[in-house]
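All remarks here apply to the structure that follows.
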Protein chains: 2
Amino acid sequence: MNEPRERLRDAKRTRAEILDVATTAFAASGYTGTGVDDIAERAHKTKRMIYYYFGSKEKLYLAVLEKAYRGIREAEQAPDVEEMSPLDALRRVAEVTYDHHLEHSEFIRLVAIENIHHGSSIRHLEPLREVNRNALGLLDRLLERGRADGTVRTDVDALDVHMMISAYCFFQVANRYTIRFLFERDMLDPERRDHYRGMIADAVVAWLSSGDD
Amino acid sequence: MNEPRERLRDAKRTRAEILDVATTAFAASGYTGTGVDDIAERAHKTKRMIYYYFGSKEKLYLAVLEKAYRGIREAEQAPDVEEMSPLDALRRVAEVTYDHHLEHSEFIRLVAIENIHHGSSIRHLEPLREVNRNALGLLDRLLERGRADGTVRTDVDALDVHMMISAYCFFQVANRYTIRFLFERDMLDPERRDHYRGMIADAVVAWLSSGDD
DNA sequence: GAACTAATGTACCGAGTGGTACATTGCCCG
DNA sequence: CGGGCAATGTACCACTCGGTACATTAGTTC
């Protein structure tokens with residue numbers, strides 16, 4: 001019953017709302033394609049507020065990028081796979097990663113945008129490196145177990161596997177539009193989702209369980 | 001000895017030079033990130049010429065996109081694999097596709113840019129659909145042969161395979177910058193090229209030769 | 001070589017955009 | 001309750017950028 005009364009001036013809320021709208025806007029239209037005025041209007045704030053809280057368009061974009069990256073890694077619920085066999089676990093990881101990507105297309109678009117700009121912004125987000133490298137820990141342990149019991153090939157590391165899986169998921173989301181136009185197939189069609197999830201899972205398992213001699 | 005004398009006014013050459021510079025510029029900085037003045041200057045032409053030959057920035061970009069797409073498919077030297085076993089042939093296709101992507105990063109960036117813009121431009125390039133669908137013919141024949149002799153799983157089609165391979169290659173090129181920063185690994189390092197080429201080749205073969213029952 | 005047009009150069013406009021100066025008002029604290 | 005500052009509103013600037021009007025020159029044609 002202690003609902004905090006709706007205040008007209010709420011720094012934290014204002015800042016957060018701007019950040020949310022900015023995330024959507026940048027993801028939708030790119031950095032240069034998004035106007036500060038647009039963001040202000042869509043957030044029902046004035047442009048003045050954006051500069052008050054973020055200082056510049058560039059810094060706002062930086063805040064968006066950082067929050068998106070942190071959010072994605074946190075949301076990445078490490079599936080409980082420590083009990084499973086390495087290969088079963090890797091299959092599971094592939095499946096979870098697939099769903100995760102499809103549910104966070106906004107983040108994927110931000111990554112694409114950042115790469116278009118040669119990573120000029122992410123460079124300033126040093127702390128993200130740690131966050132990201134840690135994300136490889138789970139894969140690393142699974143591969144190690146698999147190598148130990150002879151079920152997983154020995155010539156690939158955690159990042160290799162991560163790349164294989166992410167590439168597949170990323171591609172479908174990021175290139176949805178050109179694919180749909182050129183091949184008349186919507187990769188995000190819910191009807192086909194099981195098929196595509198199964199594809200990467202099958203590929204990863206088959207690949208990793210095939211010998212490297 | 002009949003060198004055509006260097007003319008000061010050469011419509012075809014001027015147009016072609018603008019198109020080349022524009023391709024590089026758009027690929028490097030995106031659509032909104034590239035100014036018409038920049039292109040003009042770097043092509044040693046005047047802005048006036050761009051409008052004379054292309055009509056608008058949008059139409060220039062469209063011309064760039066079309067030329068890039070056509071060029072990439074033509075350069076796609078279909079490897080001579082009709083004599084090989086289906087699986088060997090598919091391995092070869094994966095390897096060739098990998099190299100092809102790495103050598104045409106400009107094109108890949110244009111695709112990424114186009115998807116950032118929701119494919120709003122490629123929509124106007126109807127003829128490209130035909131070109132692209134034809135590119136699947138080779139894969140289709142290989143899969144058919146493989147299914148016939150029982151070496152290839154039956155639950156995937158040519159586009160599925162194309163996606164698997166392209167996704168992997170595209171990802172490494174398109175996301176080079178964020179990957180390099182976050183994981184301190186350059187996916188385009190020549191020293192690792194054989195490893196990464198082998199990875200997708202192994203994965204495709206292992207995947208397609210694994211059963212689907 | 002005169003005439004005609006394709007091809008090019010120059011100078012400018014108007015809208016949009018990132019950013020800011022200055023005024024104002026709600027909220028908390030004593 | 002009233003002062004003081006955090007938070008917000010308004011109006012504006014400087015500049016970029018896509019696009020164009022108009023003048024000019026190189027090539028071609030007869």
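So you know, we letter chains A, B, ... as the sequences are listed, proteins then strands, and number each from 1. We use all heavy atoms of the structure for the numbers below, so side chains are in, but hydrogens, waters and symmetry mates are not. The model shown is predicted, which means the values in this text are computed figures rather than measured ones.
The distance from atom CD of A/Glu41 to atom P of D/dG9 is 14 Å, rounded to the nearest whole Å. Rounded to whole angstrom, the span from the CZ atom of B/Arg48 across to the C1' atom of D/dC22 amounts to 10 Å. Distance A/Glu17 CD to D/dT8 C1': 14 Å, rounded to the nearest Å. Between B/Lys47 atom NZ and D/dG18 atom P there is a gap of 7 Å when expressed in whole angstrom units. Between B/Phe54 atom CZ and C/dA7 atom C1' the separation is 14 Å, expressed in whole Å. Rounded to whole Å, the distance from CE on B/Met49 to P on D/dA21 is 15 Å. For the pair A/Tyr51 OH and C/dA21 C1', the interatomic distance rounds to 14 Å; values are reported in whole Å. We find that NZ of A/Lys57 is positioned 14 Å from P of C/dT20, with the value rounded to whole Å.
The side chain of A/Thr46 contributes an N or O atom lying less than 4.0 Å from OP1 or OP2 of D/dG9. Between B/Thr14 and C/dA7 there is no side-chain N or O to OP1 or OP2 distance below 4.0 Å.
Note on A/Lys45: nothing from the nucleic acid sits closer than 4.0 angstrom, heavy atoms only. B/Thr34 comes within contact range of the sugar-phosphate backbone alone, with a heavy-atom separation under 4.0 Å but no base atom that close. Using a 4.0 Å heavy-atom cutoff across all strands shown, B/Tyr53 reaches sugar-phosphate atoms only and no base atom.
Side chain of B/Arg73 to main chain of B/Asn132: no donor-acceptor pair is present (N/O by atom type, distance under 3.5 Å, no hydrogens or angles). Under the 3.5 Å distance criterion, the side-chain polar atoms of A/Glu114 are matched with a main-chain donor or acceptor of A/Ser121.
Relative ring orientation between B/Tyr177 and A/His118 is described as perpendicular, the plane-to-plane angle rising above 60° on a 0-90° scale split at 30° and 60°. Ring orientation note: the planes of A/Phe171 and B/Phe170 are nearly perpendicular, at an angle over 60° on the 30°/60° scale.
A donor and an acceptor atom, one from each side chain of B/Arg176 and A/Asn115, are nowhere located under 3.5 Å apart.
DNA chain D is contacted by both A/His44 and B/Asp37; A/His44 maps to the nucleotide lying nearer its 5′ end (nearest heavy atom per residue).
Here the nucleotide nearest the side chain of B/Ser56, chosen from C/dG19, D/dG19, D/dA7, is D/dG19.
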